[in-house]
Amino acid sequence: MQGKFITFEGPEGGGKSTHAKELADALRAEGKTVLETREPGGTRLAELIRGLVREEREDPPVTRSEVLLFLASRAQVVANAIRPALARGEWVVCDRFSDSTFAYQGYGRGIDVALLKDLNEFATEGLKPDLTILLDVPPDVSRARLAERQCATATSADRIESAGELFHRRLRDGFLELARQEPSRFVVIDSSGPREEVSRGVMKAVDRIR
Ligand code: Z5A
């Protein structure tokens with residue numbers, strides 16, 4: 001039996017990592033085998049690519065390289081981790097996936113979204129999530145949560161987090177547009193409210209694919 005594939009998407013600070021982990025733990029508590037992974041990353045080579053795209057550097061990737069790096073990371077994690085887990089009948093919970101490319105590099109950076117969808121089809125060999133949970137937060141909430149975290153962990157914003165206000169508005173609108181285009185795959189949850197409420201929304205969304 002083929003497993004189930006769930007992705008978390010949305011702007012930074014929406015709680016994707018928090019809720020992906022919580023969901024994976026809840027599914028394990030039900031006795032399911034769960035692969036918890038993330039993008040970019042999820043395999044050794046893909047984690048190396050993650051470092052390349054996120055760090056501040058003197059020669060940052062131009063937008064076209066950025067696209068290809070994210071897609072290279074995705075091709076690795078799909079072929080070497082996600083597809084094998086699904087074939088074993090496991091549940092896969094992934095923190096970001098294809099919709100992040102459409103939102104960040106497409107709506108955010110201005111690359112043609114239709115072209116990105118074709119390139120993504122090549123990288124994933126057409127793999128699509130059974131369910132995508134979009135944790136939606138407005139840019140001011142996103143900024144406040146990131147600032148709080150940076151303060152608590154004494155870190156600074158990475159290369160993508162530091163993009164300007166307009167970029168972050170286009171990004172959020174882009175995610176919402178993607179959700180409007182595929183209502184049967186997406187569930188949009190307002191993630192600016194209390195954590196427990198978001199958790200309940202996530203579990204309700206997952207009931208759709210059980
Ligand atoms: N990227 C791309 O451009 N193209 C692509 O194709 C892909 C990715 C796949 C990955 O960074 C970067 O790569 C990302 C997109 C780009 N750009 N940036 N920047 P990442 O994976 O390291 O970071 P992220 O995905 O943006 O995650 P994040 O910043 O860690 O946010 P999050 O995972 O959504 O949130 P969190 O870590 O669970 O929570 C953030 C904080 O808010 C934390 O302190 C929580 O305790 C708090 N939190 C969470 N929920 C709540 C609620 N409900 N109330 C109050 N506080 C909360």
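Both ligands and their constituent atoms are indexed starting at 1 by order of listing.
In terms of the side chain to side chain donor-acceptor pair (under 3.5 Å) criterion, T124 has no residue partners (sequence neighbours excluded). Residues satisfying the side chain to side chain donor-acceptor pair (under 3.5 Å) criterion with E177, sequence neighbours excluded, are R180, Q181.
Of all protein heavy atoms, the one lying nearest to atom 31 (O) of ligand 1 is G13 N, 2.9 Å. The nearest protein atom to atom 36 (P) of ligand 1, hydrogens excluded, is given as T18 OG1, 3.6 Å; this is a heavy-atom distance. Closest to atom 49 (C) of ligand 1 among all protein heavy atoms lies G15 CA, 3.8 Å. The protein non-hydrogen atom at the shortest distance from atom 17 (N) of ligand 1 is I160 CG2, 3.4 Å. Summary of contacts: the protein heavy atom closest to atom 22 (O) of ligand 1 is R54 NH1, 2.5 Å. For atom 34 (O) of ligand 1, the closest heavy atom belonging to the protein is K16 NZ, 2.5 Å. Among all non-hydrogen protein atoms, the one lying nearest atom 19 (N) of ligand 1 is E161 CG, 3.1 Å.
The backbone N or O of V34 sits less than 3.5 Å from a side-chain atom of R28, completing a donor-acceptor pair. With hydrogens and angles disregarded, no donor-acceptor distance shorter than 3.5 Å links the side chain of K4 to the backbone of V93. Of the possible donor and acceptor atoms, one in the side chain of E9 sits under 3.5 Å from a partner among the backbone N and O of F97. A donor-acceptor pair under 3.5 Å is formed between the side chain of S73 and the backbone N or O of G41.
Considering backbone and side-chain atoms alike, F97 places every N or O at 3.5 Å or more from each N or O of ligand 1. Looking at H19 next to ligand 1, no N or O pair under 3.5 Å apart turns up. Between V198 and ligand 1, not a single N/O pair is under 3.5 Å apart. For a threshold of 3.5 Å applied to N or O pairs, the pair formed by S17 and ligand 1 contains at least one separation below that value.
In this structure, atom 8 (C) of ligand 1 has protein heavy atoms in its sub-4.0 angstrom surroundings.
Of the options E66, R195, R149, the smallest heavy-atom separation from atom 45 (C) of ligand 1 is shown by R195. Nearest-heavy-atom check against atom 50 (N) of ligand 1 across E39, R145, R38, R74 picks out R145. Comparing heavy-atom distances from atom 21 (O) of ligand 1 across Q150, R50, E197, Q105 singles out R50 as nearest. The option from Y104, F102, F70 that lies nearest to atom 5 (C) of ligand 1, judged by heavy atoms, is F70.
Ion pairing between a basic and an acidic side chain is recognised when a charged N comes within 4.0 Å of a carboxylate O; R145 and D140 show no such pairing. Look at R170 and D173 and you find no salt bridge, because none of the NZ, NE, NH1 or NH2 atoms lies under 4.0 Å from a carboxylate O. The residues K32 and E90 are annotated as not salt-bridged, no charged nitrogen and carboxylate oxygen being separated by less than 4.0 angstrom. Under the 4.0 Å criterion applied to side-chain N and carboxylate O atoms, E66 and R109 are assigned as salt-bridge partners. Between K117 and E121, none of the side-chain N atoms (NZ, or NE/NH1/NH2) sits under 4.0 Å from a carboxylate O, so this pair counts as no salt bridge.
Listed by number with element, the atoms of ligand 1 under 4.0 angstrom from any heavy atom of T101 are 5 (C), 6 (O).
The 12-atom threshold is exceeded at CD of Q150, counting heavy atoms of other residues, nucleotides or ligands nearer than 6.0 Å.
Interatomic distance, CZ of R185 versus NZ of K128, reported as 5.0 Å (0.5 Å rounding). To the nearest 0.5 Å, atom OG of residue S98 and atom CG of residue L127 are 7.5 Å apart.
In E9, neither the side chain nor the backbone holds a heavy atom less than 4.0 Å from any atom of ligand 1. Under 4.0 Å from ligand 1, not a single heavy atom of E148 appears. Heavy atoms of E12 found under 4.0 angstrom from ligand 1 belong to the backbone as well as the side chain. Residue contacts with ligand 1 for L146 involve side-chain atoms from C-beta outward but no N, CA, C or O (heavy atoms, distance under 4.0 Å). The side chain of R96, and not its backbone, has at least one atom closer than 4.0 Å to an atom of ligand 1 (non-hydrogen atoms only; side chain from C-beta on).
Using a 4.0 Å cutoff on heavy atoms, G193 counts as a contact of ligand 1.
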